[in-house]
Amino acid sequence: MKNEKIQAPKGVREYLPPESRGFEWVRNQLIAPAKLAGSQLMELPVFEDTSLFNRGVGESTDVVSKEMYTFEDRGGRSITLRPEGTAGVMRAVIESNLDRGQLPVKVWYSGQFFRAERPQAGRYRQFYQVGIEAIGVDDPALDAEVIAIADRGFKNLGLKNYRLEITSLGDNESRAAHRVDLLNYIKSLSLDEATTARAALNPLRLFDDKRAEVVEVMSKAPLLLDYLSDYSRNHFAKVQEYLNALGVAFVINPRMVRGLDYYTGTTFEFIHDGLGAQSGIGGGGRYDGLMETLGGQPLSGIGFGLGVDRALLAAIAEASLPEQSFNADLFLIALDESAKISVLKLAADLRIEGVTVEVSFGDKSLKGAVKGADKSGAQYLVVIGSAELESGLVTLKRMNDGTSISVKMSELKGALA
RNA sequence: GUGGGCGUAGCUCAGCUGGUAGAGCACUCGGUUGUGGUCCGAGAUGUCGCGGGUUCGAGCCCCGUCGUUCACCCCA
């Protein structure tokens, strides 16, 4: 009776060797600019009280209304696997009073997020993001810096075939004025029921509809950018001025819609053209009311989330992923049982010195073991048997050209250079 | 939640108008005593996703189901 194999849950993307090297590299490259800018790590739980997302992300969003992994724990509490990162950061900041010191609070995070969507190219039920948040200061220069940090991350990957789109969603005053006119405009259209329902939840969402007829009528709809208050307009103009000064290329997309309700003011998205339908590789924006909504001080903040899975796909699409082969410096083979202890000890000693050493295991023939050394990509090979143990001399073989020299076992490290 | 494509050896796939399965790569062993890559030889491996139906006979046809993938919706 054979046991059935267990598969990974639907929609998860795993990164196994050797591909995991690319994933690791991409994640490190994406977050490096944030560290250079003074952000510090925040390690957060992957599950939170469900109400955090209901309140923070917004009940009207698809993310909350139909894509959350929500379950009851053994104490009867409603728990949700985090679908995004910002709400959790805010919760932790408020809970631990991190906003009582020097502002802005600057943090970064990295990890898994979960949305119960139908999987697709570049869209997974468990996906990886790196992100930053800068909380407590409403300065357009900070907006520009945050955007530039994200842009730098993508440039670190060698990506070229992407664009940065920005817009401003304005302050409450701006949006209220626009909303009246937009709703009136939408009312004048003859839209189907489902679309009208969407518009009632958030009229801006209609700008995101891909159907040709909807795109057509919405092209004449009033744009939020034309309703910005003086404060918001000046703020947005400053952001653009700084981005230009920093040499960060962008286009203004007045119809940009984001899927989370907390965004206000500066909002941005990075779009890559080589990924199929799921083209967004990162996005973010300012959120004025979020802290207060979650029970904290009325502080503004700005942040972004970058999709590691999609950034990796983009790097692969652009062939910008560097060769990430893992090469040990040295490969050791024990010829017989009597040499095993010496080999293990030698490997351990060399590793303390910072040398990467692999050891052959198992009852392989010498030929098989050397073949293993070859496949490992190790630069050098040493075989140890009774002769070596007696003389203290080993044959150091350079694998790429097959040449070898005789060296003292105690001087191996120097010979590896 | 809706729709399309695809499930055959570890991987990539072939398999004619239905006659109880194949290639390449990878893997293991060998080609004289303690040294890989190339070459040569030998070898192991599949409940053809699963269940049912049609048929003398199904990898191939039909139905269902599960998985996977792409797209809609939405988003990283």
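Every chain is numbered from 1, with letters handed out A, B, ... down the list of sequences. Keep in mind that the numbers below use all heavy atoms, side chains included, and drop hydrogens, waters and symmetry copies.
Between A/Thr86 and the choices A/Tyr109, A/Tyr262, A/Tyr287, the side chain to side chain donor-acceptor pair (under 3.5 Å) rule is met once, by A/Tyr262.
You'll find that the side chain of A/Val383 is closest to B/U35, out of B/C72, B/U35, B/G31. Of the candidates B/G31, B/A76, B/G37, the closest approach to any side-chain atom of A/Lys367 belongs to B/G31. The side chain of A/Arg118 approaches B/G1 more closely than any other nucleotide in the set B/G34, B/C73, B/G1.
Across all their heavy atoms, A/Asp336 and A/Ser386 have their closest contact at OD2-N, 4.3 Å.
With both pairing distances under 3.5 Å, B/U12 is matched to B/A23 as a Watson-Crick or G-U wobble pair. Searching all strands for a Watson-Crick or G-U wobble partner of B/U2 with both distances below 3.5 Å returns B/A71. With a cut-off of 3.5 Å on both pairing distances, the Watson-Crick or G-U wobble partner of B/A42 is B/U28. Base-pair partner of B/U65: B/G49 (Watson-Crick or G-U wobble, both distances under 3.5 Å). The base-pairing partner of B/G34, taking Watson-Crick or G-U wobble contacts with both distances under 3.5 Å, does not exist among the strands shown.
Using a 4.0 Å cut-off between charged nitrogen and carboxylate oxygen, A/Arg91 and A/Asp49 do not count as a salt-bridge pair.
In this structure, A/Phe270 and A/Tyr162 have tilted ring planes: the angle between them lies in the 30° to 60° band.
Once the 5.5 Å centre distance and the 30° plane angle are applied, the aromatic ring of A/Phe127 is found stacked with the base of B/A76.
For A/Lys375 and B/U28, the NZ to P distance is 6 Å, given to the nearest whole Å. Taking atom CZ on A/Arg258 and atom P on B/A76, their separation rounds to 4 Å, with Å as the unit. Protein atom NZ of A/Lys66 is 11 Å distant from nucleotide atom C1' of B/C72, rounded to whole Å. The CG atom of A/Leu366 sits 14 Å away from the P atom of B/U32 (whole-angstrom rounding). Rounded to whole Å, the distance from CD on A/Gln120 to P on B/C70 is 7 Å. The CD atom of A/Glu269 sits 9 Å away from the P atom of B/C75 (whole-angstrom rounding). For the pair A/Arg115 CZ and B/C73 C1', the computed distance is 14 Å after rounding to whole Å. As a whole-Å value, the separation of A/Asp62 CG from B/C75 C1' is 9 Å.
Spacing of P atoms, B/C63 relative to B/C6, comes out at 14 Å, to the nearest Å. Taking the C1' atom of each, B/A42 and B/G18 are spaced 36 Å apart, rounded to whole Å. For B/C27 and B/C75, the P atoms lie 46 Å apart once the distance is rounded to whole Å. The P atoms of B/G59 and B/U68 are separated by 25 Å, rounded to the nearest whole Å. B/U69 and B/U8 have their P atoms separated by 14 Å, given to the nearest Å. Taking atom C1' in both B/U45 and B/A71, the straight-line distance is 37 Å, to the nearest Å. Of the P atoms belonging to B/C62 and B/G19, the separation is 16 Å, rounded to the nearest Å. Of the C1' atoms belonging to B/A14 and B/C25, the separation is 14 Å, rounded to the nearest Å.
Here A/Gly368 lies out of heavy-atom contact (under 4.0 Å) with every strand. Base engagement by A/Leu381 is indicated by at least one non-hydrogen atom pair under 4.0 Å involving a base atom. Counting any heavy atom pair closer than 4.0 Å across all strands shown, A/Phe270 reaches no nucleic acid atom. In this structure, A/Ala311 reaches neither bases nor backbone, as no heavy-atom distance under 4.0 Å exists between it and the strands shown. At the heavy-atom level, A/Ala121 lies under 4.0 Å from the strands shown only through sugar-phosphate atoms. If you check every strand for non-hydrogen atoms under 4.0 Å, A/Gln7 touches sugar and phosphate atoms only. Within 4.0 Å (heavy atoms only), A/Leu335 reaches at least one base atom of the nucleic acid. In this structure, A/Gly372 reaches neither bases nor backbone, as no heavy-atom distance under 4.0 Å exists between it and the strands shown. Within 4.0 Å (heavy atoms only), A/Asn400 reaches at least one base atom of the nucleic acid.
Defined by atom type and a distance below 3.5 Å, a donor-acceptor pair is missing between the side-chain atoms of A/Asp138 and A/Ser300.
At least one side-chain nitrogen or oxygen of A/Lys10 sits closer than 4.0 Å to the OP1 or OP2 atom of B/U68.
Between the base of B/C73 and the side chain of A/Arg205 there is no donor-acceptor pair shorter than 3.5 Å. For A/Gln126 against B/A76, no side-chain N or O and base N or O form a donor-acceptor pair under 3.5 Å. Remark: the A/Arg310 side chain and the B/C75 base include a donor-acceptor N/O pair separated by less than 3.5 Å.
Mapped onto RNA chain B by nearest heavy atom, A/Ala277 and A/Ser386 fall at different nucleotides, with A/Ser386 at the one closer to the 5' end. Sequence order on RNA chain B of the closest nucleotides to A/Val382 and A/Leu306 puts A/Val382 first from the 5' end.
The shortest distance between side-chain heavy atoms of A/Leu350 and A/Lys413 falls below 4.5 Å.
A/Arg398 forms no cation-pi arrangement with A/Tyr380, by the criterion of a distance under 6.0 Å to the ring centre and an angle within 45° of the ring axis.
The closest donor-acceptor contact from the side chain of A/Gln40 to the backbone of A/Trp108 lies at 3.5 Å or more, if one exists at all.
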